[in-house]
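Here's the structure, in structure tokens; my notes come after.
Each chain gets a letter, A, B and so on, in the order its sequence line appears, and its residues count up from 1. In this text the structure is predicted, and so the values were computed from the model without any measurement.
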Amino acid sequence: MLKSHSCGELSKKDVGAEVTLAGWVDRRRDHGGLIFIDLRDREGIVQVVFNPETSPSCHKIASQMRSEYVIRVGGEVALRPEGTVNPKLPTGEIEVIARNTDILNPSKTPPFYINEEIEVEENLRLKYRYLDLRRARMKENLLLRHRAVKFIRDFLDAKGFIEVETPILIKSTPEGARDYLVPSRVHPGKFYALPQSPQQLKQLLMIAGVEKYFQIAKCFRDEDTRADRQPEFTQLDLEMSFVQEEDILSLMEELFTALVAAIKPEMRVTKPFPRLTYAEAMERYGTDKPDLRFGLELGDLTDIAAQSEFSIFRSAIAEGGKVKGICAPGCGGYSRRQLDELNKLVQSLGAGGLVTMSLGTAGGNLNDLTIKEVKSVAARFLTIDQIKQMGQRLGAKRGDLLLIVAGNPGLVDMTLSELRQEMGRRLKLADPNLFAFAFVEDFPLLRWDEEAKRWDSEHHPFTAPRDEDVPLLDSAPEKVLGRHYDVVCNGYEIGGGSIRIYTSELQRKVFRLLGYSDEEIDSRFGHMLEAFQYGAPPHGGIALGLDRIVMLLAGEENIREVIAFPKNQSAADLTFDAPSPVSQEQLAELHLRLREER
RNA sequence: GGCCCCGUGGUGUAGUGGACUAACAUGCCACCCUGUCACGGUGGAGAUCGGGGGUUCGAAUCCCCCCGGGGUCGCCA
């Protein structure tokens, strides 16, 4: 090693020791005589003193040093002189008196600050990711991720799980997200696909008798990115044999509780994790991944609105829509401008508009509300009783603001869900020290795809229907509930799983329901159907979005902040400038010819 | 593909029709400085304001197109 110690590990107990350090120049303070260098390595920062009287040659070399130069310093650890202790630095009681030093590698002036916590344009950060990762925030995020993954591995190991790697080059299956394809050199015209998840592989491992499997698995989906979505991401994938829903859910509750306690002990979790049915989540929050750190629940006002003379409500209901709303407490005094902003948000999400109803500014009991106080375009089409009923249903007081959306039920729920999040942010309702985990259960097994005119899996086609619903598969598929569950936390879906189908008969029935011919089923999923016939145990599992989990633990709002080399919104890697063109020779070997794009 | 936001010295910002010959902070360079720690001091270099076109006597500023980035809807079995 070129170093005997880490910068950050030195302390008073090392005083008198001869040490050799190596790292990066974090900061240089040149007093003309004395030069101070803050030397940084992964473990921290320590001050090095270059004194021309102690070592003229060292001092001369130090005067050449600049930010981010890689240097090596040999010297003695000394207590700092009286009055020069720096309490802001963990190593602030000591310093290293340089006796010999050299510059291992100089550095160009970095394109942005390494030693300051200021926002830098993300393009630039990603292009120079190796410099960005030197910054404290990124370094901490990498470390946090490592600790979280280590904890998870140890936890599952202690529970008897074994980690099994599954292939990255596998078969394209038509369902689900768009596949990343890899052309085969050996098989002209054929392609591998990168796994969207190891779903089928882990089920085969259950049939193989592994019983308890997990994997920190890279997954690939060629879909548009989001703040919490990357084309390439990491799942904590696990599967168990001979289990039911409760086994997986209680394992998850134990895992997350222990994980938070180990990694973020200052954060609280709500225990036991609340359990919501899908229907309940949609009804109360308008989404299947509600942020349960605050209330602001949605209320259905359709019945009251139907009694009104307000044409927007009436026509929406006549067309099979509904009217729902939320109550923003104490916002009755919102300005025209503020209301316009909310209206704009709603319209940008595709809803026709937002009906705002200010219940005055006075505050107090809803019963005291007078029609004169109510400010809303809908006010003159509603009786004061109807307004009070709406307010009551939404838990409003005088002085609150009702936000009401009418229209297509799905759109109303989506819009109000976003509006709820927005009001939660504006009113700072979410406890920043809380991880509000919850389980969502009882998802419908199938969803009608209007474009393709066929049934589609809500989760994936391997999800088992509830036993009692199996007869409905033939008569009323829309009523069948799946044995699927999601884990949500603070408004993010952080995982989902299910108890699986494990007989080929039922599996084939579901595939047929999804519109596949028997030929298609056999060519695409024949390996699964056959495997089920060789003693497949009942099994189930879950896949967790590791990047999202680490993001939440790190208090970040974007998973790129917890991925060492993420892709940008257009799925490009700016450090490598990937994807990139390849040579004609490479294409020829793969039996590919590029088409002219119009 | 739709909608919204952003683009000004290396970095982060200010500037929303004339006083901008583009400001501030920091970084960078030079010189001075032996106890600093976001060291201090003096001086200096550095942006034709993402690109193109237009309106105007005059554009960083207004309009149009394009490029790049971010957020989001669609999409994500």
Response to the item:
Heavy-atom contacts, protein to nucleotides 70-76 of chain B, under 4.0 Å, summarised as B (base), S (sugar-phosphate only) or - (none) per nt, yield BBBBBBB

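- In terms of polar N and O atoms assigned as donor or acceptor, the side chain of R28(A) never comes within less than 3.5 Å of the base of rU36(B) in a complementary pairing.
- At most 12 non-hydrogen atoms from other residues, nucleotides or ligands lie less than 6.0 angstrom from NZ of K60(A).
- Taking 3.5 Å as the limit, the base of rU11(B) and the side chain of E121(A) contain no donor-acceptor pair of atoms between them.
- Base pairing of rG68(B): its partner is rC6(B), meeting the Watson-Crick or G-U wobble criterion (both donor-acceptor distances under 3.5 Å).
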Practice prompt. Under the side-chain contact (heavy atoms from CB on, under 4.5 Å) rule, what do D469(A) and L445(A) come out as? Steps first, then yes or no, please.
Written response: CA-CA 10 Å; D469(A) 292 348; L445(A) 184 73; over 6 Å; no

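- Between the CG atom of D30(A) and the P atom of rG35(B) there is a distance of 12 Å, given to the nearest Å.
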Practice prompt. Might you work through the side-chain contact (heavy atoms from CB on, under 4.5 Å) test for W24(A) and Y69(A), ending with a clear yes or no?
Written response: CA-CA 6 Å; W24(A) 289 263; Y69(A) 274 39; over 6 Å; no

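- Of the residues in residues 84-97 of chain A, those with a non-hydrogen atom less than 4.0 angstrom from any atom of RNA chain B are T84(A), V85(A), N86(A), K88(A), E95(A).
- Among the protein residues, P81(A) comes within range of the nucleic acid bases, having at least one heavy atom under 4.0 Å from a base atom.
- One can place CD of Q47(A) at 13 Å from C1' of rU34(B), the figure rounded to the nearest angstrom.
- Between K202(A) and Y213(A), the shortest heavy-atom distance links the atoms CB-CE2, 3.4 Å.
- If you take atom C1' in rC62(B) and the same atom in rG1(B), they sit 29 Å apart, rounded to whole Å.
- In this structure, Y180(A) and F220(A) have perpendicular ring planes: the angle between them is above 60°, well past the 30° mark.
- Comparing the same atom, C1', in rU42(B) and in rA47(B) gives a spacing of 25 Å after rounding to whole Å.
- Of the two residues near RNA chain B, F36(A) and E119(A), the one whose nearest nucleotide lies more 5' is E119(A).
- Remark: rA19(B) base-pairs with no nucleotide; criterion is Watson-Crick or G-U wobble with both hydrogen-bond distances under 3.5 Å.
- Look at CG on L124(A): it is 11 Å from P on rU8(B), rounded to the nearest Å.
- Using modelled atom types and a 3.5 Å distance limit, the side chains of S504(A) and E530(A) yield no donor-acceptor pair.
- Separating the P atom of rU21(B) from that of rC49(B) is a span of 13 Å, rounded to the nearest Å.
- Taking atom C1' on both nucleotides, rU8(B) is separated from rA22(B) by 8 Å, rounded to a whole Å.
- The distance from atom NZ of K108(A) to atom C1' of rC29(B) is 16 Å, rounded to the nearest whole Å.
- By the criterion of a centre-to-centre distance under 5.5 Å and near-parallel planes under 30°, the ring of H31(A) forms no stack with the base of rU36(B).
- Across the C1' atoms, rC5(B) and rG9(B) are found 24 Å apart, a figure rounded to whole Å.
- Between rC6(B) and rA45(B), the two P atoms lie 34 Å apart (nearest whole Å).
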Worksheet entry | side-chain contact (heavy atoms from CB on, under 4.5 Å) between M65(A) and I71(A), worked out | CA-CA 8 Å; M65(A) 292 173 183; I71(A) 65 169; 3.6 Å; yes

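- rC24(B) is paired with rG12(B) under the criterion used here, namely a Watson-Crick or G-U wobble arrangement in which both key atom distances are under 3.5 Å.
- Between D522(A) and R508(A) the shortest side-chain heavy-atom distance falls below 4.5 Å.
- Taking the six-membered ring where the residue is Trp, F532(A) and H539(A) present tilted rings, their angle falling between 30° and 60°.
- Among the heavy atoms of the strands lying under 4.0 Å from R80(A) is at least one base atom, whether or not backbone atoms are also near.
- Taking the C1' atoms as reference points, rC28(B) lies 9 Å from rG46(B), given to the whole Å.
- Within the 4.5 Å cutoff, side-chain heavy atoms of V120(A) are placed close to those of R135(A).
- Going from atom CD of E116(A) over to atom C1' of rA25(B) covers 10 Å, rounded to whole Å.
- The CZ-P distance, from F50(A) to rG35(B), rounds to 17 Å in whole Å.
- Nucleotides rA38(B) and rA30(B) place their P atoms 24 Å apart, quoted to the nearest Å.
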Using residues 343-356 of chain A as the side-chain source, report each donor-acceptor pair under 3.5 Å to any protein atom, sequence neighbours left out, with the distance given to one decimal.
{"from": "N343(A)", "atom 1": "OD1", "to": "L354(A)", "atom 2": "N", "distance (Å)": "3.1"}
{"from": "Q347(A)", "atom 1": "NE2", "to": "G352(A)", "atom 2": "O", "distance (Å)": "3.1"}
{"from": "S348(A)", "atom 1": "OG", "to": "L345(A)", "atom 2": "O", "distance (Å)": "2.7"}

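- If you take NZ of K127(A) and C1' of rG69(B), they are 14 Å apart, rounded to a whole angstrom.
- Remark: R29(A) is in phosphate contact with rC39(B), judged by side-chain N or O atoms under 4.0 Å from OP1 or OP2.
- In this structure, the CD atom of E117(A) is 13 Å from the C1' atom of rA38(B), given to the nearest Å.
- Centre separation under 5.5 Å together with a plane angle under 30° does not hold for the ring of F112(A) and the six-membered base ring of rU11(B), so they are not marked as stacked.
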